[in-house]
**Student:** 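Before anything else, here's the structure in question.
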Amino acid sequence: MFEIEKTRKDFPALSQKVYGKPLIYLDNAATIQKPQTVIDAISEMNSGINGNIHRAVHYLSGLCTERYEAARTSIQTFLHAAKKEEIIFTSGTTAAINLVAASFGERYIQKDDEILISEAEHHSNIVPWQLLCERKGAKIKVLPIHEDGSLAIEELPKLLSPKIKLCCISHISNVLGVVNPIKEIVRIAHAHQVPVLVDGAQGVVHESIDIQDIDCDFYVFSGHKLYGPTGIGILYGKESLLETMPPYQGGGDMIASVSFEGSSYAELPLKFEAGTANFIGAYGLKAAIDYLEQLGLPAIHAHEQMLTNYALQQLTRIDGFQVYGSAAPKSGLISFNIKGLHPTDTAMLLDKMGIAARSGHLCAQPLMQRFGVERMLRFSFALYNTKEEIDEAVAALAKAQQMLS
Ligand code: PLP
């Protein structure tokens, strides 16, 4: 295990006070705090290592290109992807899903086709598919979940008709925290010749990823949820599939040649990286991955698992506590309601006690409808959270309960 108190010092954001109280940051699933090494990497680039990549022959352009491509290799290794050409930089999970919806959709989705998503998806893994369906005259099909938040995987073979052209599932739902059996889902979908996109925005934070073992066709995530910068994200795609997909956006860096009569496009991965890429963000994401690997992914995941179990145990003692997503395995976050308490009022009270928690529809309105609520509260954990912070947050909830009821 890493030393938690020593590790917390790596994160400058954690030493601040809000409303005079030491910050307890439990909104890590929304965005996570950055270690100093990431801040330094971004700052060093902003302070002078700044030259546009893949273009000029001068020193700074060469150095930035080197760092950008080193980041790509680092992410390839982190995901255990077969080739670096399969790693596309985007601005985040949402941008990566929209890229696939536009490009895969253009090539493969026709009128009356269907796209399968689960009932537990973030709006980012719903709305891009709806927009695509509107454009193409296609339809969304929904894989339901059980009351305990586990996917109704037994329904999957029945839903996978020849009309289904893509299956899009989160690795870990940002509401339920349940780790979905994505390897099994991919196996079943592939048996029906259906490719699978995995929304890994939460999964990549709490699970070690071996993309070749999972065998999914696309895997997407955001840098800012993985201790990296905002405005950078990853689309992993199988080379054989990406090769068949048309460019998403046009512009500099994605072309081989341009004339007024027509243009030809760059090879992977640049085919999907039009315009000046966020090379500073990419380098910052590499710094985040270096940091995590130096601490040790298994130790980090074990710590987050311990926090999740402990928090659930403590929260269950609160009168009227209702958790959403009780199925195992569950990691990294807990969404809940407490009878008689409005989630937003409660989160506002917690805030005044220095505790950052999330409240609202959690960007998953269909899932709220599934559970018959409009809003939930959510605690989500990072490698730097402690049992003591959870004790304080649970005590603050009890106080809020006294004040509000
Ligand atoms: N998918 C899931 C499961 C998420 O939790 C989030 C963000 O909370 C997203 C997608 C969207 O991520 P971003 O806003 O970084 O694009």
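When a residue number appears, it is its place in the shown sequence, counting from 1. Both backbone and side-chain heavy atoms feed into the values below; hydrogens, waters and symmetry mates do not.
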**Student:** Listed by chain and number, what are the side-chain hydrogen bond (donor to acceptor under 3.5 Å, both in side chains) partners of Thr73, not counting sequence neighbours?
**Tutor:**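 If we apply the side-chain hydrogen bond (donor to acceptor under 3.5 Å, both in side chains) test to Thr73, skipping adjacent residues, there are no hits.
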
**Student:** Heavy-atom count check: over 12 atoms from other residues, nucleotides or ligands less than 6.0 Å from Gln16 CD?
**Tutor:**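 Yes, CD of Gln16 has more than 12 neighbouring heavy atoms, counting only those of other groups under 6.0 Å.
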
**Student:** For Ser124, run the side-chain hydrogen bond (donor to acceptor under 3.5 Å, both in side chains) check against Asn98, Thr94, Asn174 and tell me which one passes.
**Tutor:**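 Exactly one option meets the side-chain hydrogen bond (donor to acceptor under 3.5 Å, both in side chains) with Ser124, and it is Thr94.
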
**Student:** Looking just at side-chain N and O atoms, do Asn309 and Gln313 make a donor-acceptor pair shorter than 3.5 Å?
**Tutor:**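 Short answer, no.
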
**Student:** How would you list all residue pairs meeting ring-ring contact (aromatic ring centres under 6.0 Å, His included) that involve residues 238-267, not counting sequence neighbours?
**Tutor:**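 Found none.
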
**Student:** Suppose we screen for side-chain hydrogen bond (donor to acceptor under 3.5 Å, both in side chains). Which residues come up paired with Glu392, at least two apart in sequence or across chains?
**Tutor:**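 Glu392 satisfies side-chain hydrogen bond (donor to acceptor under 3.5 Å, both in side chains) with no other residue.
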
**Student:** How about Tyr236 and Phe78: are their ring centroids closer than 6.0 Å?
**Tutor:**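 No, ring centres 6.0 Å or more apart.
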
**Student:** Is it true that a side-chain atom of Ser61 and a backbone atom of Val57 form a donor plus acceptor pair closer than 3.5 Å?
**Tutor:**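 Flag not set: sc Ser61 to bb Val57 has no pair under 3.5 Å.
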
**Student:** Side chains of Thr77 and Ile289, heavy atoms from C-beta outward: is any pair under 4.5 Å?
**Tutor:**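 Heavy-atom side-chain distance check fails, nothing below 4.5 Å.
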
**Student:** For side chain to side chain donor-acceptor pair (under 3.5 Å), just list the numbers for Tyr384 and Asn28, CA-CA rounded to whole Å, side-chain angles, deciding distance to a tenth of an Å, and then say yes or no.
**Tutor:** CA-CA 10 Å; Tyr384 44 67; Asn28 296 287; 2.4 Å; yes

**Student:** Measure the spacing between CG of Leu292 and CD of Gln294 and express it to the nearest 0.5 Å.
**Tutor:**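 Nearest 0.5 Å value for the CG-CD distance: 9.5 Å.
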
**Student:** Hey, is the main chain of Thr386 close enough, under 3.5 Å, to the side chain of Glu389 for a donor-acceptor pair?
**Tutor:**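 It does hold such a pair.
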
**Student:** When you measure from the side chain of Ser335 to the backbone of Tyr324, do you find a donor-acceptor pair of N or O atoms at a distance under 3.5 Å?
**Tutor:**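 No.
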
**Student:** Report the residues that fulfil side-chain contact (heavy atoms from CB on, under 4.5 Å) with His301, sequence neighbours left out, ordered by chain and then residue number.
**Tutor:**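 Only Ser208, Leu297, Glu304 meet the side-chain contact (heavy atoms from CB on, under 4.5 Å) criterion with His301.
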
**Student:** Does the salt bridge (Lys or Arg N to Asp or Glu O under 4.0 Å) test come out yes or no for Glu147 and Arg370, once each step is laid out?
**Tutor:** CA-CA 9 Å; Glu147 194 58 28; Arg370 160 70 178 77; 3.1 Å; yes

**Student:** So for atom CG, which belongs to Asp319, do other residues, nucleotides or ligands contribute more than 12 heavy atoms lying within a distance under 6.0 Å?
**Tutor:**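 It does not: Asp319 CG has 12 such atoms or fewer within range.
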
**Student:** Are any of the side-chain heavy atoms of Leu143 and Ile185 separated by less than 4.5 Å?
**Tutor:**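 Side chain of Leu143 against side chain of Ile185, heavy atoms only: no contact under 4.5 Å found.
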
**Student:** Who pairs with Asp391 by side-chain hydrogen bond (donor to acceptor under 3.5 Å, both in side chains), at least two apart in sequence or on another chain?
**Tutor:**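 By the side-chain hydrogen bond (donor to acceptor under 3.5 Å, both in side chains) rule, Asp391 matches Tyr310.
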
**Student:** Among all residues two or more places apart in sequence or in another chain, which pass the salt bridge (Lys or Arg N to Asp or Glu O under 4.0 Å) test with Lys352?
**Tutor:**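 Counting only residues at least two positions away or on another chain, Lys352 forms no salt bridge (Lys or Arg N to Asp or Glu O under 4.0 Å).
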
**Student:** Going by atom types only, do Ser118 and Glu121 share a side-chain donor-acceptor pair under 3.5 Å?
**Tutor:**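 Yes, because at least one side-chain N or O of Ser118 sits under 3.5 Å from a partner of the opposite role on Glu121.
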
**Student:** Residues in salt bridge (Lys or Arg N to Asp or Glu O under 4.0 Å) with Arg107, at least two apart?
**Tutor:**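 Expected list: none.
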
**Student:** Tell me if a side-chain donor or acceptor on Arg55 pairs with a main-chain N or O of Ile53 at a distance below 3.5 Å.
**Tutor:**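 Present.
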
**Student:** In this structure, are over 12 heavy atoms from other groups packed under 6.0 Å from Glu243 atom CD?
**Tutor:**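 Buried by this count: over 12 neighbours within 6.0 Å.
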
**Student:** Donor-acceptor check, side chain of Gln305 to backbone of Lys330, threshold 3.5 angstrom: yes or no?
**Tutor:**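 Yes, because the side chain of Gln305 sits within donor-acceptor range (under 3.5 Å) of the backbone of Lys330.
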
**Student:** Please report, to 0.1 Å, the donor-acceptor pairs under 3.5 Å made by any side chain of residues 190-201, with sequence neighbours excluded.
**Tutor:**
| from | atom 1 | to | atom 2 | distance (Å) |
| --- | --- | --- | --- | --- |
| His190 | ND1 | Asp215 | OD2 | 3.4 |
| His190 | NE2 | Asp217 | OD2 | 2.8 |
| His192 | ND1 | Ile188 | O | 3.0 |
| Asp199 | OD1 | Ala201 | N | 3.0 |

**Student:** Under 3.5 Å, side-chain donor or acceptor atoms of residues 130-138 against the rest of the protein: list the pairs with distances, not counting sequence neighbours.
**Tutor:**
| from | atom 1 | to | atom 2 | distance (Å) |
| --- | --- | --- | --- | --- |
| Lys136 | NZ | Glu106 | O | 3.4 |
| Lys136 | NZ | Ile109 | O | 3.3 |

**Student:** Please report the interatomic distance NE2(His171) to CD(Glu207), rounded to the nearest 0.5 Å.
**Tutor:**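 Separation between the atoms: 4.5 Å.
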
**Student:** Closer than 3.5 angstrom, by distance alone: can the side chain of His342 be matched with the main-chain N or O of Arg375 as a donor-acceptor pair?
**Tutor:**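 It does not hold such a pair.
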
**Student:** Whether the side chain of Gln202 engages the backbone of Ala29 through a donor-acceptor N/O pair (distance < 3.5 Å, no angle test) should be reported.
**Tutor:**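 Checking the backbone N and O of Ala29 against the side chain of Gln202, a donor-acceptor pair under 3.5 Å is found.
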
**Student:** For Asp27, give me all partners under side-chain contact (heavy atoms from CB on, under 4.5 Å), at least two apart in sequence or on another chain.
**Tutor:**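 Scan of Asp27 (side-chain contact (heavy atoms from CB on, under 4.5 Å), adjacent residues dropped) gives Tyr25, Ala30, Arg358, Arg378, Ser380.
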
**Student:** Tell me every residue that passes side-chain contact (heavy atoms from CB on, under 4.5 Å) with Glu261, counting only those two or more places apart in sequence or in another chain.
**Tutor:**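 If we apply the side-chain contact (heavy atoms from CB on, under 4.5 Å) test to Glu261, skipping adjacent residues, the hits are Ser259.
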
**Student:** I'd like to know whether CE of Met403 has more than 12 heavy-atom contacts from other residues, nucleotides or ligands below 6.0 angstrom.
**Tutor:**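 Check fails, neighbour count at 12 or below.
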
**Student:** Is a side-chain donor or acceptor of Glu86 paired with a backbone partner of Glu239 at a separation under 3.5 angstrom?
**Tutor:**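 Side chain of Glu86 to backbone of Glu239: a pair is present.
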
**Student:** Could you check Gln322 against Lys339 for side chain to side chain contact (heavy atoms under 4.5 Å, CB included), going step by step and ending with a plain yes or no?
**Tutor:** CA-CA 8 Å; Gln322 157 91 59; Lys339 199 161 177 242; over 6 Å; no

**Student:** Taking only residues at least two apart or on different chains, which pairs with a member in residues 117-159 satisfy ring-ring contact (aromatic ring centres under 6.0 Å, His included)?
**Tutor:**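 Pairs touching residues 117-159 that pass the test: His123-His361.
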
**Student:** Using every non-hydrogen atom in the two residues, find where His80 and Gln212 come nearest and quote the distance to one decimal.
**Tutor:**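 Looks like O-NE2, 2.8 Å.
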
**Student:** Could you report the tightest heavy-atom contact between Gly237 and Leu242, atom names first, then the distance?
**Tutor:**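 Looks like O-CD1, 3.3 Å.
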
**Student:** When rounded to the nearest 0.5 angstrom, what distance separates CG in Asp290 from OG in Ser74?
**Tutor:**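 The OG atom of Ser74 is 5.5 Å from CG of Asp290, to the nearest 0.5 Å.
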
**Student:** Test Asn50 against Phe279 for side chain to side chain contact (heavy atoms under 4.5 Å, CB included), laying out the working first.
**Tutor:** CA-CA 9 Å; Asn50 187 31; Phe279 54 93; 3.4 Å; yes

**Student:** If you round to the nearest 0.5 Å, how far is CD1 of Ile24 from CD1 of Ile390?
**Tutor:**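 The CD1 atom of Ile390 sits 10.0 Å away from the CD1 atom of Ile24.
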
**Student:** Can you tell me which residue among Ile209, Leu79, Thr90, Leu235 is in a side-chain contact (heavy atoms from CB on, under 4.5 Å) with Phe221?
**Tutor:**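 Among the candidates, only Leu79 passes.
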
**Student:** Do side-chain atoms of Lys165 reach the backbone of Pro162 as a donor and acceptor pair under 3.5 angstrom?
**Tutor:**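 Yes; at least one donor-acceptor contact below 3.5 Å.
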
**Student:** Step by step, would you call Leu241 with Phe218 a side chain to side chain contact (heavy atoms under 4.5 Å, CB included)?
**Tutor:** CA-CA 9 Å; Leu241 201 46; Phe218 303 105; 3.6 Å; yes

**Student:** Phe381 and His206: side chain to side chain contact (heavy atoms under 4.5 Å, CB included), yes or no, with the steps?
**Tutor:** CA-CA 10 Å; Phe381 311 110; His206 304 296; 5.8 Å; no

**Student:** Any sub-3.5 Å donor-acceptor pair from Lys271's side-chain atoms to Met245's backbone N or O?
**Tutor:**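 Side chain of Lys271 to backbone of Met245, a donor-acceptor pair under 3.5 Å: yes, one is there.
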
**Student:** Could you check whether atom CE of Met348 has more than 12 heavy atoms from other residues, nucleotides or ligands sitting under 6.0 Å from it?
**Tutor:**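 It does not: Met348 CE has 12 such atoms or fewer within range.
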
**Student:** Please determine whether ring pair (Phe, Tyr, Trp, His ring centres under 6.0 Å) holds for the pair Phe336 and Phe379, giving the CA-CA distance in whole Å, both sets of side-chain angles, and the decisive distance to 0.1 Å.
**Tutor:** CA-CA 9 Å; Phe336 58 95; Phe379 288 168; 5.2 Å; yes

**Student:** For a quick check under 3.5 Å, do His54 and Glu69 share a side-chain donor-acceptor pair by atom type?
**Tutor:**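 A donor-acceptor contact under 3.5 Å links the two side chains.
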
